[in-house]
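Since the model is a prediction, treat every value here as computed from it, not as a measurement. If you read the sequence from its start, that first residue is 1, and numbering goes on from there. All values below come from the heavy atoms of this structure, side chains included, with hydrogens, waters and symmetry mates left out.
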Amino acid sequence: MVREPYRSKHRESIATQWKGLIAVGVYMAANISLNNLSLVLITLSLNQVIRSSIPVCAAVSAVVIEKKIPSATEATALLVLTAGVMMAVFEGSVMGSNAGILFCVCGTVCNAAMICTSGKLLSEKMDVLRLAFYTAPVSCAVLLPLFIARESATFREYAMENSAGVVLVLLCSSAIALLYNVVHALMIKKTSAVTVTVLGEVKVVGLLVLSAILLDEKKILTVRMSIGISLAMLGFGMYSHTKVKKIQEQTELYRGLGPEKSDQIPYQKLDSDKGPSGKIAGLTPLPGLVGVDKQLEGMPK
């Protein structure tokens with residue numbers, strides 16, 4: 001980050017995108033702190049049920065932040081997927097305080113807002129490494145006062161008893177967190193904010209199925225869980241079909257225009273963009289057509 005080509009980009013990136021960078025850092029810190037706090041006040045099952053609504057929250061956030069409105073089929077698929085995952089992870093216990101439920105809901109909303117804001121930044125002139133580099137200090141600044149007030153004394157006791165391992169734990173956990181944030185941001189950049197949340201829900205369902213098959217835990221698969229898993233996979237199938245169909249339609253439009261007419265694809269103005277691939281200075285493709293040329297690379301003529 002202190003060498004070229006990154007060093008020369010810091011001033012411009014911070015000057016033009018500082019609001020979004022601060023928002024991502026604050027949302028990330030709020031998501032972590034509120035979710036962890038909710039786990040003290042409500043059961044893990046209830047926490048997972050609430051956080052299963054992340055695809056719907058992300059879709060709503062995408063409308064507000066990224067101006068991306070889902071189609072009726074996409075919205076239906078997200079609702080079916082969310083309902084299925086909620087049924088699959090629910091264990092019948094709803095014990096917990098109203099404050100814990102509120103913390104979990106707020107944390108889920110902050111998580112969705114963070115993902116969509118990251119998607120907006122990454123769709124402009126930001127890469128995943130710089131995004132992590134700029135947002136980490138913001139999250140640290142938000143969480144540090146809470147750490148000092150609530151956990152510093154306990155950490156000092158642990159560090160005194162485990163002086164040899166505490167540094168290793170901090171370094172390893174920090175490296176894992178950085179790797180996760182970079183990969184997560186890369187997934188958002190390559191797909192979309194909502195798609196990343198959908199894949200996260202499928203991961204949860206996949207873990208349930210694999211644990212039942214590989215760990216011989218079929219007895220935990222109740223009728224409700226089986227119905228939930230089926231609904232979740234149905235929702236995922238509907239969402240995937242809709243996205244693939246949209247890509248095919250965009251591909252047909254792009255091919256129908258042909259290389260000599262590719263400049264006829266509608267473009268919109270971005271104040272701080274120099275234009276993709278030097279096509280038209282200051283212009284970038286409309287959201288519906290972004291990435292179609294990349295998707296065509298390697299495909300048969």
- Is L129 linked to I14 within one hydrophobic cluster, defined over Ile, Leu, Val, Met, Phe, Trp and Tyr using a side-chain heavy-atom separation of less than 4.5 Å? yes
- Query: OG/S173 to CG/L168 distance, rounded to the nearest 0.5 angstrom?
  - Reply: 9.0 Å
- Query: Do you reckon V89 sits in the same ILVMFWY cluster as M225, going by side-chain contacts under 4.5 Å, direct or chained?
  - Reply: yes
- Task: Could you tell me which residues satisfy side-chain hydrogen bond (donor to acceptor under 3.5 Å, both in side chains) with Y27, sequence neighbours excluded, listed by chain and number?
- Result: none
- Task: Keeping to residues at least two apart or across chains, list the salt bridge (charged side-chain N to carboxylate O under 4.0 Å, His left out) pairs with something in residues 128-142.
- Result: D127-R130
- Message: Using the rule that Ile, Leu, Val, Met, Phe, Trp and Tyr join whenever any side-chain heavy atoms are under 4.5 Å apart, tell me whether V60 and V196 fall into a single cluster.
- Response: no
- Message: Side-chain heavy atoms under 4.5 Å apart, restricted to Ile/Leu/Val/Met/Phe/Trp/Tyr: what other residues fall into the cluster of L44, or is it alone?
- Response: L39
- Report yes if some heavy atom in the side chain of Q248 is under 4.5 Å from a heavy atom in the side chain of V244; otherwise report no. yes
- Message: A side-chain contact here means heavy atoms from C-beta on lying under 4.5 Å apart; do I115 and V194 qualify?
- Response: no
- Note on the structure: Here the gap from M187 atom CE to L199 atom CG, rounded to the nearest 0.5 Å, amounts to 5.0 Å
- Applying side chain to side chain contact (heavy atoms under 4.5 Å, CB included), name anything that partners T76, two or more places apart in sequence or on another chain. V80, M238
- Item | Y180: partners by side chain to side chain contact (heavy atoms under 4.5 Å, CB included), with sequence neighbours left out | H184
- Message: Just to verify, what does Y134 make a ring pair (Phe, Tyr, Trp, His ring centres under 6.0 Å) with, not counting sequence neighbours?
- Response: H10
- Item | Minimal non-hydrogen separation, K125 against Q17, with atom names | N-NE2, 4.0 Å
- Task: Name all residues meeting the side chain to side chain contact (heavy atoms under 4.5 Å, CB included) criterion together with S230; count only those two or more places apart in sequence or in a different chain, and write none if there are none.
- Result: none
- Task: Drop me the distance from I188's CD1 to K190's NZ, to the nearest 0.5 angstrom.
- Result: 13.5 Å
- Message: When you group the ILVMFWY residues by side-chain heavy-atom contacts below 4.5 Å and let the links chain together, are L171 and F155 in the same group?
- Response: yes
- Of all the heavy-atom pairs spanning N47 and C104, show the shortest one and how long it is. ND2-SG, 3.4 Å
- Item | Backbone of G25 reached by a side-chain donor or acceptor of S139 within 3.5 Å | yes
- Nearest atoms (heavy-atom pairs only) where L78 meets A59: CD1-CB, 3.6 Å
- Quick one: name the residues clustered hydrophobically with I69, using the 4.5 Å side-chain heavy-atom rule over I, L, V, M, F, W, Y, and just say none if it's on its own. V63
- Task: May I ask you to test the L37-S33 pair for a side-chain heavy-atom distance under 4.5 Å?
- Result: no
- d(L234 CG, I229 CD1) to nearest 0.5 Å is 13.5 Å
- Query: Would you say E201 and V205 make side-chain contact, with heavy atoms under 4.5 Å?
  - Reply: no
- Query: Can you name the salt bridge (charged side-chain N to carboxylate O under 4.0 Å, His left out) partners of K189, sequence neighbours left out?
  - Reply: none
- Query: Counting only N and O atoms by type, is there a donor-acceptor contact under 3.5 Å from the side chain of N111 to the main-chain atoms of G107?
  - Reply: no
- Task: Decide yes or no for M126 and S118: does some side-chain heavy atom of the first lie under 4.5 Å from some side-chain heavy atom of the second?
- Result: no
- Please identify each residue that fulfils side-chain hydrogen bond (donor to acceptor under 3.5 Å, both in side chains) with N31, with sequence neighbours left out. R51
- Not counting sequence neighbours, which residues clear side-chain hydrogen bond (donor to acceptor under 3.5 Å, both in side chains) with S192? List them please. T195
- Could you walk me through whether I32 and M28 pass side-chain contact (heavy atoms from CB on, under 4.5 Å), step by step? CA-CA 6 Å; I32 295 172; M28 183 182 300; 4.2 Å; yes
- Message: Distance check, rounded to the nearest 0.5 Å: F133 atom CZ versus L178 atom CG?
- Response: 11.5 Å
- Task: Could you tell me which non-hydrogen atom of E124 sits nearest to which non-hydrogen atom of K120, and how far apart they are?
- Result: CG-O, 3.4 Å
- Please assess I101 against L46 for the test side-chain contact (heavy atoms from CB on, under 4.5 Å), listing each intermediate value before the final yes or no. CA-CA 8 Å; I101 295 174; L46 181 56; 3.9 Å; yes
- State which residues pass side chain to side chain contact (heavy atoms under 4.5 Å, CB included) with A99; sequence neighbours excluded, sorted by chain then number. L41, S97, F103
- Query: Any donor-acceptor pair under 3.5 Å linking the side chain of S211 with the backbone of L208?
  - Reply: yes
- Query: How many angstroms lie between atom NZ of K243 and atom OG of S71, to the nearest 0.5 angstrom?
  - Reply: 8.0 Å
- Is there side-chain contact between T117 and M114, with heavy atoms separated by less than 4.5 Å? no
- Item | Minimum side-chain heavy-atom gap V202-Y239 below 4.5 Å | no
- Counting heavy atoms not belonging to R224, are there more than 12 under 6.0 Å from its CZ? yes
- Task: May I ask you to decide if I50's main-chain N or O and S53's side chain share a donor-acceptor pair within less than 3.5 Å?
- Result: yes
- Which pair of heavy atoms, one from V198 and one from L81, lies closest together, and at what distance? CG1-CD2, 3.7 Å
- Same cluster (ILVMFWY, side-chain, under 4.5 Å), L143 and V169: no
- Query: Closest heavy-atom contact between S52 and V85?
  - Reply: OG-CG1, 3.3 Å
